[in-house]
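Contents: one structure, followed by commentary.
Here is how names work: the chains are called A, B, and so on, in the same order as the sequence lines, proteins then strands, and each is numbered from 1. Only this structure's heavy atoms are used, side chains among them; waters, hydrogens and symmetry mates stay out.
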Amino acid sequence: MGKLMNQRTGGLGLVAVVIVLLPWFLPNIFYYDVAIHVGINAIVAVGLNLLIGYAGQISLGHAGFFGLGAYGSGILAGTYGWHPVLALLAALIGVGVLAFIVARPILRLKGHYLAMATLGLGILVAIVLRAETWLTGGPDGMIVPSFEIFGWTLMGETTWYWIVGGLLLVTVWLALNIIDSPVGRALRSVHGSEVAAQVAGVDTTHYKVLVFVISAVFAALMGVVTAFYSGFITPDLASFFHSIEFVTMVVVGGMASTFGAIIGAVILTLLPQLLTGFDEYEAMVFGAILMATMIFLPKGLLPSLAARLRKGG
Amino acid sequence: MFRRFMRKMSVLAGVAVLAVSGAASSADTIKIGSFLAVTGPASFLGDPELKTLQLYIERINADGGVLGKQLELVHYDDGGSAGKARTFAKRLITADQVDLIIGGSTTGATMAVVPLAEQYGVPFISLGGGIPIIDPVKKWVFKTPHTDRMAVQKVFGDMQSRGLTQVGLISGTGGFGKSCRQQALDQADEYKVEIIADETYGPKDTDMTAQLTNIKGADGLDTVLNCGFGQGPAIVTKNYRQLGIEVPFYQSHGVASKSYIELAGDAANGVRLPAAALLVAEDLPDDDPQKPVVVDYKEVFESNFDQSVSTFGGHAYDALMIAVEAMERAGSTDKAAVREAIENTSGLMGTGGEFNMSASDHLGLDLSAFRMLEIRNGDWALID
Amino acid sequence: MALLEIDKLEKSFGGVHAIQDLSFAVSPGSVHSVIGPNGAGKTTLFNLITGLYTPTSGRILLDGRDVGGMPSHRLAAMGMSRTFQNLQVCMNMSAVENVMMGRHLHLNGRILPSLFRLPAVVRGDRACRERSLELMEFVGIQRYADAHASAMPYGALKRLEIARALAAEPRLLLLDEPAAGLNANETAEIDELIKKVADSGVTVVLVEHDMKLVMNISDHILVLDYGKKLAEGDAATVRHNPDVISAYLGAA
Amino acid sequence: MLAEFLQYLFTGITIGATYALVGLGFAIIYNASHVINFAQGEFLMIGGMSTVMLTAMGVPLPVAILLAVAASAVIGIALEKLAIEPAKDADIVPLIIITIGASIFLRGVAQVIWGKEFHALPSFSGDAPVVIGGATVLPQSFWVLGVSIAVVVALGYFFNRTLIGKAMIATAFNKDAARLMGINTRFVLMLSFALSAILGAVAGILVAPITFTSYDIGIGLGLKGFVAAVIGGLGSGVGAIVGGLILGISEAMAAGYISSEYKDAVAFILILAILFFLPSGLFGTRGAERV
């Protein structure tokens, strides 16, 4: 019990300290930009980890929800001139409802079939975003207006750094809350043994749908943030590859580990930036790192390291 | 290959150290930033563009540089993705603190970066073809390739002179094809042609017979125009011959590279397209003022790289020359001064034609820069 | 009235009849055993009763209400609980969390209170953990309180399942071969445990191969063979039934 | 009208046959290892690009094809030995990431070796189209169809008539039992990767003259092949072939009669429909869950 409390508050505290201290080590705006992307990806990964790591249900299509969040808010605020807050809420509710509708038929599937169905769903979203040029600007993307609230315009990397940092902290807190609760145990039991959960009175379908919707809304929220922060969105946000990136963050960092998901997001966001120096070798090195991590640390970085430490100590 | 790899590694380590120490900007070099589609579906654009920039910056440096300083190229590969282009442009401006940006192989990547160039005030010369890049004029944004509007006008002019009026249109769904298609629809009335079929294909499609079958079935078809770049137009060309469509076939300047002819093979014979003089450098009359420039670039490029010259590399050459000439005229690398000097470029002969820019024209080429070519026996032939 | 009544139950997979024309009743407070050779349909019967399978025909009455094909979690809410022949322990959780999961029905399982970690949820969870530790002690695995499920030996996991099933505070507990894979000592302990459970007022339905255990604790025994009822009655009746003897001797 | 319909149909069958070959590759690996090999599409690329490179070096086409297929088989085996076998106990998700990593890696290597340009392979027997009922068909389409049929027949013989083929089926059915029967399941696993690499390479070579080839064609074709395999029911050979043809024909019909913009959506709409209403595909068998 005490150990758990330590992990909770200690971990949360560590994340908060890093967020507060990091700006002293960011030499210029570009690094703020990278940090913001790390934060955005980390939030999606923490949400997705609830679905993949804890409930054991894979999704290869969460970039679809991310893209819908971005385009939903971007189109409502830009093309239709809605207030950004309303656009944000509408996008989140829209994605939540969509996720709720598809969750039941999709989550009846297991394993590779589930992977395939979510993959198809994500790609369909990307295809629609590419094809409906009149609405989305097509493959070349569209411009999104700034986020204005109470006469303030949220502009600039430093402002968004604190917004995303705050959101990350809240997300981690909420995720830790869920995991260590009756709902969290129900989710984990779906992964551990679905029949055991059912005969213990857990309505597994209900919880699977619930966590699917929650993780989709987290992804959509980050889509909204990306749209307003960068002011420019393309259908690539919803692409298959983007979905894979999210899943990879969860798996590389460590499944069923909230802090692992954050570490995965840090690594997978920084890696491409570091690899730009490799020019034509970039893809090769990236692929090799991905394979090696999964072969040698199949449980992901954080759990594998933790296990090693425990053995050593 | 291994040694090259190790060198990359050490360069990478150096870059990392530099980046961490924050000592990115140094006073004795002029930094040219670029983001190009070196990989991905538009790599046939980005690849010669990057090679050209690297080669000519090396040559300029060997000749003593610009304003007594060496040029330094900072390049990122955007893979043709507008989103990545924006990220890298931001990195070029805020982290690498470049003096000028040349880049954006595609219209989409360019348009994603335009707001950044405007916001931060950095001279930006785009290599994208689309007209929205410079129309309306944006203070900091210039471009060197001919616009798709010019290409469409050239094509429609040629159709008019051959008495072809019923046009079947097929276009790629990427930024270039989309913008070119729009220009074709807009310009049709002026050239008294009618678009009687309008089909599209995706950038990765591998078969366009379905779309062409629909065009083939259109009543009174006189000719077909394809707006697109990459391997798509080559597949369209092959499918066109497969279906036995007999009417004259036009492509846009998006296919103005040898790789199009190589891919389409015999099917390409008879295809007409508007393109820069570069492709027919040796065939130009000796009194053509453009001839020395294009012949020289072609020879330099082809002797350094094992591939045929394309107009796309030429656009990068033009952009670099405009930038260098403007810096020399401005006498500094001050961004505002360089921007103004670029805007006052006049009489500069590039591979794409003579550039005469102004406050209202950030391209500076006219229709005369385009030549109408026909592919004969697997090679370009000048027909006007 | 019987707590559980099975009425002309049938279940077939494809063309295979796993359960045929089966009827019996379980009265409250009794220990009711189901025995029979391998493949007799015992586990299938459990899966039907607990809602994992839907009957092909026939009725399953709980408190006189037909619950055939009702989802498991709703049957659990009506007071039914079970263990599994092949362990179904959540190996991604600690031992005590497995038991706490068994108390799911007695906790607030709605999302918002959990999301914001409302004090009521924290209190409920703390009480649940204490009750779960008591149950672990009751089944004799208190020394694994802090252990991870994946680190526990087989025998302890068997008991862990019983603790988890008890955590739901069921009226009807179905135990599927609780002594399978255990040695004589451990079997005797399970024997004691089942008696203790039955004494606490829980109705027990037991599937078991260990005849000594079955004869020892059962109030009523049902013998299945090829999905059909072969015999029924108390230990003495069944023991002397010629059909049962031949079936078991034949099987052996 | 009929001519148009036939045109769409021929187009669909040609591309569908390619999808079918890729789908078969998925099915074979899935049966042997329960791994979905997301790098399957890269074998098409390797087959096509190697053939292009070898012919450019002056190697006669038939020899180039044989060498390219052999090279793909070697890479398939290497993939199994170096990436799949060391991680054989991993969960589904890490395995998916490993094969995706492998596909990115192979693509990266191809890009370094062969560059980023598209390449054309000359058609095997000319480009003069054959006219059937007003629709035109390229001779290469007949090659695609003919070779696909030959491959399917050969595979059928292999799995049903040869000892090692039967061993592979037995392994797919029950790995432990197969091992007890003395079947070398590790060899079977290796063979399945080699076989599906060969299938991919053959498909890649056959379509290269029609669709061209480049370092990154594997992504799209691989995904479509995957869809074909799932439509038919993962692991079913007949299913993969039927799935491939259904997908190819639906795509061509959609492009012709509905909208070319949504041509690619057809595959994924089909897959969602199949999974929602027929979760085990057209020919898949549904395994009962054991409790």
Select one option (side chain, backbone, both, neither) describing which atoms of D:L272 are under 4.5 Å from chain A's heavy atoms. side chain

For D:F276, does its backbone N or O pair with a side-chain atom of A:R108 as donor and acceptor, under 3.5 Å? yes

Which answer fits A:A115, side chain, backbone, both or neither, if we ask what part of it has an atom under 4.5 Å from a heavy atom of chain D? side chain

Is it the side chain or the backbone of D:I269 that comes within 4.5 Å of chain A heavy atoms, both, or neither? both

List the atom of D:P94, the atom of A:P298, and the distance in Å for their closest heavy-atom pair. CG-O, 3.8 Å

Rounded to the nearest 0.5 Å, what separation is found between the NE2 atom of A:H112 and the CZ atom of D:F226? 7.0 Å

Derivation and outcome, side-chain contact (heavy atoms from CB on, under 4.5 Å), residues D:I97 and A:T293: CA-CA 10 Å; D:I97 305 287; A:T293 316; over 6 Å; no

Could you look at A:L60 and say if it's the side chain, the backbone, both or neither that has a heavy atom under 4.5 Å from chain D? side chain

Can you check side-chain contact (heavy atoms from CB on, under 4.5 Å) on A:M116 and D:V227, steps first, answer last? CA-CA 8 Å; A:M116 197 62 219; D:V227 173; 3.7 Å; yes

Out of D:P86, D:A87, D:A265, return the one with the most heavy atom pairs under 4.5 angstrom to chain A. D:A265

In terms of heavy-atom pairs under 4.5 Å, which option from A:I58, A:V251, A:I123 contacts chain D the most? A:I123

I need the single residue from A:L121, A:V125, A:I127 that forms a side-chain contact (heavy atoms from CB on, under 4.5 Å) with D:F268. Which is it? A:I127

Heavy-atom contacts under 4.5 Å, residues 38-49 of chain D to chain A: D:F38

Tell me, for D:I92 versus chain A, whether the close heavy atoms (under 4.5 Å) come from the side chain, the backbone, both or neither. side chain

Which portion of A:F241 sits near chain D, non-hydrogen atoms under 4.5 angstrom: side chain

Heavy-atom distance under 4.5 Å to chain A: side chain of D:I98, backbone, both or neither? both

Counting heavy-atom pairs under 4.5 Å with chain A, which one of D:V109, D:L95, D:I96, D:T99 comes out on top? D:V109

As an exercise, state the distance from OH of A:Y113 to CD1 of D:I36, rounded to the nearest 0.5 Å. 8.0 Å

Heavy-atom cut-off 4.5 Å, strictly under: side chain, backbone, both or neither for A:L109 against chain D? side chain

Looking at CD1 of D:I84 and CE of A:M291, how far apart are the two atoms once the value is rounded to the nearest 0.5 Å? 8.0 Å

D:G108 and A:A283 have their tightest heavy-atom pair at CA-CB, 3.8 Å

Please determine, among A:I52, A:I295, A:L290, A:I106, the option with the most heavy-atom pairs under 4.5 Å with chain D. A:I295

Contact winner vs chain A - D:I274, D:D264, D:I104, heavy-atom pairs under 4.5 Å: D:I104

Against chain D, work out which of A:I289, A:T248, A:V102 has the most heavy-atom pairs shorter than 4.5 Å and name it. A:T248

Could you give the distance from CG (A:L119) to CG (D:L223), rounded to the nearest 0.5 Å? 6.0 Å

Atom CZ of D:R107 and atom CE of A:M284: how far apart are they, to the nearest 0.5 Å? 14.0 Å

Is it the backbone or the side chain of A:V128 that comes under 4.5 Å from a heavy atom of chain D, or both, or neither? both

